[in-house]
Student: 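A single structure is presented below for examination.
Order of the sequence lines fixes the chain letters, A, B, ..., with proteins taken first and strands second; residue numbering starts at 1 for each chain. Worth knowing before you read on, the calculation uses all heavy atoms, side chains too, and leaves out hydrogens, waters and symmetry mates.
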Amino acid sequence: MVIREQLAQAVSEALGAIGVEPVPTNFVVERPARREHGDWSTNAALASSKAAGRNPRELGQELADYLTENRPPHVESLEIAGPGFVNFRLAPTWLYDVLTEVVEQGEQNYGSLQIGKGSSVNIEFVSANPTGPIHAGGGRWGVYGDSLARIMARCGYQPHKEYYVNDRGVQTKLFGQSLVARKNGEQPPEGGYQGEYIEQWASEMPDDVDPVSWGIERSLTDAKNVLAEMNVEFDTWSSEQALVDSGAMDAALEQLRSTGNVFESDGATWLRTSEFGDSEDRVLVKSDGELTYFTPDIAYHIDKFNRGDHIIDVLGADHHGYILRMRAALLALGKDGDRYETLIGQKVKLTSDGEEVKMSKRAGNIVEIRDLVDEVGPDVARFAYLLQSIDSPQTIDLDLLKTEASENPVFYVQYANARIHSIGAQAKERGVVRLPLAEVDLTSLTHERELEVLRQLSAFPEILEVALAERAPHKITNWVRELAAAFHGFYRDCPILRTDTDPDLQQARLWLAEASRVGLAIGLDLLGVSAPEQM
RNA sequence: GCCCCCGUAGCUCAGUGGAUAGAGCAUUGGUUUCCUAAACCAUGAGCGCAAGUUCGAUUCUUGCCGGGGGCACCA
């Protein structure tokens with residue numbers, strides 16, 4: 001059991017013992033923002049004073065007195081502070097337990113949670129139209145979705161990463177026509193695709209192929225390549241056309257009809273989505289007999305419901321209006337809405353020379369993810385994307401990522417890892433051997449820098465839990481930066497291999513470095529960023 | 001008009017129902033006979049406005065102001 005739970009339980013018991021009935025459950029045990037407020041703190045007295053009809057400071061004092069008499073493990077002293085907080089000061093022994101736990105559980109298991117209990121989660125993201133290069137926003141969703149999947153996997157879920165390919169419909173036809181036009185040296189049709197890439201691809205296109213399917217393949221190859229370079233891989237690429245061809249779409253339409261929520265109007269076929277929370281009804285089949293995007297997408301979501309326990313769609317803010325209609329369709333079909341989750345991300349803006357970069361040379365009116373990856377490399381790009389919440393619109397300064405690469409946060413973290421490996425290499429050279437952990441006395445770790453590293457490591461399980469609950473990979477980014485900062489401070493002030501370092505202390509520090517390495521490896525892996533051993 | 005997101009330091013962004021709100025960049029200055037100075041240390045300034053809920057609000061609610069996005073028989 002982790003220390004926080006031990007303390008919470010002790011507080012709960014103490015409240016009962018000093019006569020607070022019923023024992024409240026609305027209190028928390030947390031890490032105070034300020035070090036001088038101790039290692040852990042609880043607001044239990046404040047949270048229960050009103051219900052108990054007691055003065056919070058007096059109640060806090062009683063609580064502190066009781067816990068001083070009946071001390072939870074590692075607790076050295078307690079004090080009452082502020083309006084009624086009870087602060088715990090712990091002996092560093094609790095942090096030695098953390099070190100041991102990190103090392104013993106290792107990269108695979110430290111901080112791993114079983115919240116998901118093995119349930120499957122289907123995460124769909126990017127799903128850009130296969131009519132051209134992936135844009136910078138697509139890169140954000142790619143990195144975000146991939147990292148979220150990694151987080152979910154570490155929390156006991158079985159994530160399945162999926163990309164939906166809209167390989168039929170009006171847009172694909174226009175795309176094919178644009179390719180043909182360019183191949184024949186003509187202008188693309190009205191509403192067609194204008195980017196330079198169309199000319200490039202058209203020149204690659206053989207004469208005897210179907211331009212639409214060839215173009216889609218070309219587009220998907222492009223997308224797969226650039227996403228793979230960013231360490232984003234999908235388990236499944238689902239084809240809209242295949243869904244229609246298989247009859248799944250007709251079956252879905254039939255299923256919808258059987259619910260009595262489908263009607264004909266103005267020559268089109270509509271779904272009464274307004275009955276299920278949407279602002280208006282939506283067209284399933286247009287008056288010209290063509291399907292809308294919506295209809296196969298419903299079939300696709302039915303398919304996903306059949307394949308996964310929980311369904312997540314990662315969408316750009318420009319698609320948020322679409323959510324209610326899909327949810328309505330699923331509700332109309334009697335699906336459990338709790339199993340369907342949509343995550344909306346705000347858009348990305350790239351700047352250079354203080355000006356927004358509005359287009360790529362190749363793609364025309366969009367900024368390609370390719371440009372970013374070629375410019376700064378996958379690690380820098382990924383880390384930059386994962387630096388902030390997807391709820392916020394993001395501004396990425398290309399110049400900063402390029403010219404000040406050495407100041408870039410990703411290198412700061414990777415450099416910590418490189419330093420650890422350098423210590424290992426140096427130790428080997430000098431014949432310093434790390435003894436088994438069980439033979440090492442960790443109590444020599446008393447330096448504030450050493451303890452800070454361990455505090456950071458101890459926080460990881462909580463951070464992971466929050467990152468999962470809030471679907472927020474950037475919490476991991478922040479944590480790994482803080483861990484790196486703690487390590488750099490330790491590295492600076494606590495020499496390991498220097499000849500005047502006490503042998504026992506040296507052993508303890510070697511293990512502290514190893515624990516740091518494990519922590520950095522876990523964090524970087526969740527972000528999908530590499531952990532180079534040399535820089 | 002309706003819906004969604006955002007408004008925190010000069011810039012880019014974290015963060016929290018609590019006790020003195022943080023980081024990076026930028027500025028200025030300092031640190032290395034010894035494990036990588038891509039490091040460490042120091043340095044000013046900030047929660048858009050107003051009510052409400054609360055023992056306590058920058059955090060929750062509402063309104064206003066400001067910015068972005070969306071309101072198709074496009075996808």
Student: Classify the side chain of A/Ser49 versus the base of B/rC55 as yes if they form a donor-acceptor pair under 3.5 Å and no if they do not.
Tutor: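 Donor-acceptor pair under 3.5 Å: no.
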Student: Looking at A/Glu452 and A/Arg455, is any side-chain nitrogen of the basic one under 4.0 Å from a carboxylate oxygen of the acidic one?
Tutor: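 Answer for the salt bridge query: yes.
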Student: Paired with B/rA75: which nucleotide, if any, by Watson-Crick or G-U wobble criteria at under 3.5 Å for both distances?
Tutor: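 With both distances under 3.5 Å required, B/rA75 matches none.
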Student: Which whole number of Å gives the distance between the P atom of B/rG24 and that of B/rU43?
Tutor: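 Comparing P positions in B/rG24 and B/rU43 gives a spacing of 13 Å.
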Student: Where the side chain of A/Ala81 is defined as all heavy atoms beyond and including C-beta, which of B/rA19, B/rC40, B/rC35 is the nearest nucleotide?
Tutor: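 Closest of the options to the side chain of A/Ala81: B/rA19.
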Student: How long is the line joining CG of A/Leu387 and P of B/rG15, in whole Å?
Tutor: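 Distance, rounded to whole Å: 11 Å.
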Student: What does A/His319 touch in the nucleic acid at a heavy-atom separation under 4.0 angstrom: a base, only the sugar-phosphate, or nothing?
Tutor: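 The answer is base, as A/His319 lies within the cut-off (heavy atoms under 4.0 Å) of a base atom.
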Student: Between B/rU20, B/rC73, B/rA75, spot the one nearest the side chain of A/Ser287, thanks.
Tutor: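 The listed nucleotide nearest to A/Ser287's side chain is B/rC73.
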Student: Side chain of A/His474 only, heavy atoms from C-beta on: which candidate in B/rA19, B/rA75, B/rG15 is closest?
Tutor: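 Of the options given, the side chain of A/His474 lies nearest B/rG15.
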Student: Please report the distance, rounded to the nearest Å, between OH in A/Tyr491 and P in B/rA39.
Tutor: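 Rounded to the whole Å, the gap is 13 Å.
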Student: Partner lookup for B/rU53, please. Criteria are Watson-Crick or G-U wobble with both distances under 3.5 angstrom; report none if nothing qualifies.
Tutor: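 Matched B/rU53 with nothing under the 3.5 Å cut-off.
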Student: Can you check the A/Gln346 CD to B/rC5 P distance for me, whole Å?
Tutor: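 Going from A/Gln346 (CD) to B/rC5 (P), I get 8 Å.
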Student: Any strand counts, and the cut-off is 3.5 Å on both contacts for Watson-Crick or G-U wobble. Which nucleotide pairs with B/rU58?
Tutor: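 When the pairing criteria are applied, nothing turns out to pair with B/rU58, so the answer is none.
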Student: Looking at the side chain of A/Arg419, which of B/rG69, B/rA75, B/rA37 is the nearest nucleotide?
Tutor: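 Looking only at heavy atoms from C-beta outward on A/Arg419, the closest nucleotide is B/rA37.
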Student: Under 4.0 Å from OP1 or OP2 of B/rA38: is there any side-chain N or O of A/Arg492 that close?
Tutor: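 False: A/Arg492 side-chain N/O out of range (4.0 Å or more) of B/rA38 OP1/OP2.
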Student: Expressed as a whole number of angstroms, how long is the span from A/Phe175:CZ to B/rA75:P?
Tutor: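 Value for this atom pair: 16 Å.
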Student: Distance between the C1' atoms of B/rG66 and B/rG48, in whole angstroms?
Tutor: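 The answer is 8 Å between these two C1' atoms.
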Student: Would you mind reading off the distance between A/Asp493 atom CG and B/rC40 atom P, rounded to a whole angstrom?
Tutor: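 So the two atoms are 10 Å apart, to the nearest Å.
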Student: Reckon A/Asp318 touches a base, only the sugar-phosphate, or nothing at all at heavy-atom distances under 4.0 Å?
Tutor: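 Since only primed, P, OP1 and OP2 atoms lie under 4.0 Å of A/Asp318, the category is sugar-phosphate.
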Student: Hey, does the side-chain of A/Ser41 have a donor or acceptor N/O within less than 3.5 Å of a partner on the base of B/rA19?
Tutor: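 Counting by modelled atom types and ignoring angles, a donor-acceptor contact under 3.5 Å is found here.
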Student: Let me know the distance between CG of A/Leu386 and P of B/rC13, rounded to the nearest Å.
Tutor: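 It works out to 15 Å between those atoms.
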Student: What do you reckon, do A/His37 and the base of B/rA19 stack, with centroid distance below 5.5 Å and planes below 30°?
Tutor: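 Answer is yes, a stack.
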Student: Describe the nucleic acid contact of A/Thr292 in one word from base, sugar-phosphate, nothing, applying a heavy-atom distance below 4.0 Å.
Tutor: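 Sugar-phosphate only.
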Student: Are A/Lys304 and A/Glu162 close enough for a salt bridge, meaning some N to O gap below 4.0 Å?
Tutor: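 Between A/Glu162 and A/Lys304 there is no salt bridge, as every charged N stays at least 4.0 Å from the carboxylate O atoms.
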Student: Does the cation-pi check pass for A/Arg272 over A/Phe263, that is, NZ or CZ under 6.0 Å from the six-membered ring centre and within 45° of its axis?
Tutor: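 That pair qualifies as a cation-pi contact.
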Student: What is the separation between atom CG on A/Leu505 and atom P on B/rC35, rounded to the nearest whole Å?
Tutor: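 Whole-Å distance recorded here is 17 Å.
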Student: Of all the choices, B/rG15, B/rG69, B/rC5, which nucleotide is nearest to the side chain of A/Lys475 once you look at every atom?
Tutor: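 Given the options B/rG15, B/rG69, B/rC5, the side chain of A/Lys475 is closest to B/rG15.
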Student: For A/Arg481 and B/rA38, what is the distance between atoms CZ and C1' respectively, to the nearest whole Å?
Tutor: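 Those two atoms, CZ and C1', are 14 Å apart.
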Student: Given B/rC73, B/rA75, B/rC13, which nucleotide is nearest the side-chain atoms of A/Val170?
Tutor: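 The answer is B/rA75, which lies nearest to the side chain.
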Student: Salt bridge check: are A/Glu465 and A/Lys475 linked by an N-O gap of less than 4.0 Å?
Tutor: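 Not counted as a salt bridge, because no side-chain N and carboxylate O are separated by less than 4.0 Å.
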Student: Check whether any side-chain nitrogen or oxygen of A/Thr395 sits under 4.0 Å from OP1 or OP2 of B/rC13, and answer yes or no.
Tutor: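 Yes, within the criterion.
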Student: Now, which nucleotide makes the Watson-Crick or G-U wobble pair with B/rA39, with each of the two distances under 3.5 Å?
Tutor: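 With both distances under 3.5 Å, B/rA39 matches B/rU31.
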Student: Between B/rA23, B/rC35, B/rA14, which one does the side chain of A/Arg430 approach most closely?
Tutor: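 Taking heavy atoms from C-beta onward, the closest nucleotide is B/rC35.
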Student: Whom does B/rG24 pair with, Watson-Crick or G-U wobble, provided both distances fall under 3.5 Å?
Tutor: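 B/rC11 is the nucleotide pairing with B/rG24.
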Student: Nearest to the A/Val283 side chain among B/rC73, B/rG22, B/rA75, which nucleotide is it?
Tutor: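 Looking only at heavy atoms from C-beta outward on A/Val283, the closest nucleotide is B/rC73.
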Student: With both distances under 3.5 angstrom, what nucleotide forms a Watson-Crick or G-U wobble pair with B/rA19?
Tutor: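 With both distances under 3.5 Å required, B/rA19 matches none.
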Student: Applying a 3.5 Å limit to both distances, which nucleotide forms a Watson-Crick or G-U wobble pair with B/rG66?
Tutor: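 When the pairing criteria are applied, B/rC6 turns out to be the nucleotide that pairs with B/rG66.
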Student: Give A/Pro495 one of three labels, base, sugar-phosphate or nothing, depending on what nucleic acid heavy atoms sit under 4.0 Å from its own.
Tutor: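 Base, at least one base heavy atom under 4.0 Å.
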Student: Report yes if the side chains of A/Arg382 and A/Leu527 come closer than 4.5 Å at any heavy-atom pair, otherwise no.
Tutor: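 Heavy-atom side-chain distance check fails, nothing below 4.5 Å.
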Student: Stacking check: are the rings of A/Phe85 and B/rA19 less than 5.5 Å apart at their centres and under 30 degrees in tilt?
Tutor: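 Yes, A/Phe85 stacks on the base of B/rA19.
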Student: Would you call A/Glu533-A/Arg517 a salt bridge at under 4.0 Å N-O?
Tutor: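 Between A/Arg517 and A/Glu533 there is no salt bridge, as every charged N stays at least 4.0 Å from the carboxylate O atoms.
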Student: Would you check if the distance from the ring center of A/Phe234 to the ring center of A/Phe125 is below 6.0 Å?
Tutor: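 Yes: the rings meet the under 6.0 Å criterion.
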Student: Measure from the side chain of A/Arg325, starting at C-beta and using heavy atoms only, and say which of B/rA14, B/rA75, B/rC35 lies closest.
Tutor: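 Closest nucleotide to the A/Arg325 side chain: B/rA75.
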Student: For B/rA37, does either OP1 or OP2 sit under 4.0 Å from a side-chain N or O belonging to A/Tyr412?
Tutor: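 For A/Tyr412, the contact criterion (side-chain N or O under 4.0 Å from OP1 or OP2 of B/rA37) is not met.
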